[in-house]
There are 2 protein chains.
Amino acid sequence: MQVQAIELQKRIDRFQELCRTRGVRLTPQRLEVFRAVAASSAHPDAEMVLRGVQKRFPNVSLDTVYRTLWMLNDLGLVGTLGRRDSVRFDAESRPHHHYVCRRCQRVWDLMEHNPTAFAPPGEATKLGTIQEVRLEVQGVCTDCEKTDKAKRPPSKAARTKTTRTPS
Amino acid sequence: MQVQAIELQKRIDRFQELCRTRGVRLTPQRLEVFRAVAASSAHPDAEMVLRGVQKRFPNVSLDTVYRTLWMLNDLGLVGTLGRRDSVRFDAESRPHHHYVCRRCQRVWDLMEHNPTAFAPPGEATKLGTIQEVRLEVQGVCTDCEKTDKAKRPPSKAARTKTTRTPS
DNA sequence: CTCTTTGCAAATTTTTTGCATGCGC
DNA sequence: GCGCATGCAAAAAATTTGCAAAGAG
């Protein structure tokens, strides 16, 4: 699960260049966080990245890892699996894909049936059984485009947890 | 964002039938949770489902909603967007897909390039801009197949939060 | 009547934030 | 030196679990 040294160096160069281009401050922590993600093909979560980074910088904190990872994500240098917010459900039974707006988080079902899209890549069959193939298109919906800037819901903190002792 | 009454009824019938077939107890809460998901095409999260259910059953609790949703997921009646565990990162820059093992949660990159798979369905272009197309194949990897049964890590609770006062 | 499911509350887990200090540029 | 980034700790958000009481089959 290790990335080749040459490929890794290529990625790091690109990162450093992007930092200069985009005016992002290049700190040792950030470099190390990026190295940890770029060097692994195990798709680590934040905690795994932390462990990797701590080998060289024993006192980096998990929050720095999170901050850096999302920053790298903004820069387009790392991708994510899973959403940072809550899990969403749907009961549409026909096979379909999703379009997800990265600003308002709304989801549309894409019913257009391109059968090849649901055919699992042959490569996958060698890895194990296949239970589901899921395609997700991400972008910014036209509504959000119009009203530019993200309008995050006013921090759910305000809401009273559940309906606990309503009186 | 409402599902047609006929389609909704069809889904509910299927749910009730599956309950009988699979020996799942059909409680009013469960029916209502399913109705809430099946009636919406907004891909609600657990809290949104709760709000829908509470219109008829003001005292259902969020935990029941969660329990029911995952149960419906097991039954194959609802699908999910996003993972229930933590977000994972990767720094692979070439376009690629993922194979995710539902037991050990490991992820493999699928580099096999089927260009059509990355072409966003035309339907999506009408909804907004497109930033990324992501395909995820889910299943059980051969390793886990061999050692059947899921071997969930022994509840991360055991671990000492971070490196807080190690002495 | 029995055994599953519910509601409640508290615990767990994951992620974010406020603030004083430190370091890249 | 200035201002963003870090570390720390604590908050927030999301989800799960233990347990007594209620209800389905």
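Only this structure's heavy atoms are used, side chains among them; waters, hydrogens and symmetry mates stay out. Numbers restart at 1 for each chain; the letters A, B, ... are given by sequence-line order, proteins then strands.
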(request) Give me the bend of the helix from C:dC1-D:dG25 to C:dC25-D:dG1, using the axes of the five pairs at each end, rounded to 10°. (result) 50°
Provide a list of protein-nucleic acid N or O atom pairs under 3.5 angstrom, restricted to nucleotides 17-20 of chain C.
{"unit_1": "C:dT17", "atom_1": "O4", "unit_2": "A:D63", "atom_2": "OD2", "d": "3.4"}

(message) Check this one for me: any side-chain N or O of A:Y66 less than 4.0 Å away from OP1 or OP2 of C:dT16?
(response) no
(request) Please report the shortest heavy-atom distance between B:D109 and B:H98, naming the atom on each side. (result) OD1-CD2, 3.1 Å
(message) Let's see if you can work this out: which of C:dG7, C:dT15, D:dT6 has an atom nearest to the side-chain heavy atoms of B:N59?
(response) C:dG7
Pairs under 3.5 Å (N/O, protein and nucleotides 20-25 of chain D):
{"unit_1": "D:dG23", "atom_1": "N2", "unit_2": "B:R25", "atom_2": "NH1", "d": "3.3"}

(message) Measuring from the side chain of B:R30 (C-beta onward, heavy atoms only), which nucleotide among D:dG7, D:dT15, C:dT6 has the closest atom?
(response) C:dT6
(request) Check every atom of C:dG7, D:dG7, C:dT15 against the side chain of A:W70 and return the nucleotide holding the closest atom. (result) C:dT15
(request) Starting from P on C:dT14, measure out to CG on A:L69 and report it in whole angstrom. (result) 15 Å
(message) List the residues meeting side chain to side chain donor-acceptor pair (under 3.5 Å) with B:N59, not counting sequence neighbours, and say none if there are none.
(response) none
(request) Provide the full list of side chain to side chain donor-acceptor pair (under 3.5 Å) pairs with a residue in residues 10-25 of chain A, sequence neighbours left out, each pair given once. (result) A:E7-A:R11, A:Q9-A:D13, A:R11-B:E92
(request) Check whether any side-chain nitrogen or oxygen of A:Q29 sits under 4.0 Å from OP1 or OP2 of C:dG24, and answer yes or no. (result) no
(request) Take the protein atom CG of A:D85 and the nucleotide atom C1' of C:dT14, then report the distance between them rounded to whole Å. (result) 13 Å
(request) Taking only the side-chain nitrogens and oxygens of B:S61, find out if one of them lies under 4.0 Å from OP1 or OP2 of C:dC8. (result) no
(request) Could you check which of D:dT16, C:dT14, D:dG7 has an atom nearest any side-chain atom of A:V60? (result) D:dG7
(request) Using the test side-chain contact (heavy atoms from CB on, under 4.5 Å), find all partners of B:C19 that sit at least two apart in sequence or belong to another chain. (result) B:F15, B:V24, B:L26
(request) For the pair B:E123 (side chain) and A:M111 (backbone), establish whether a donor and an acceptor sit closer than 3.5 Å, ignoring hydrogens and angles. (result) yes
(message) What is the separation between atom CE on A:M48 and atom P on C:dT14, rounded to the nearest whole Å?
(response) 12 Å
(message) In whole Å, I'd like the distance from the CZ atom of A:R83 to the P atom of C:dT15.
(response) 13 Å
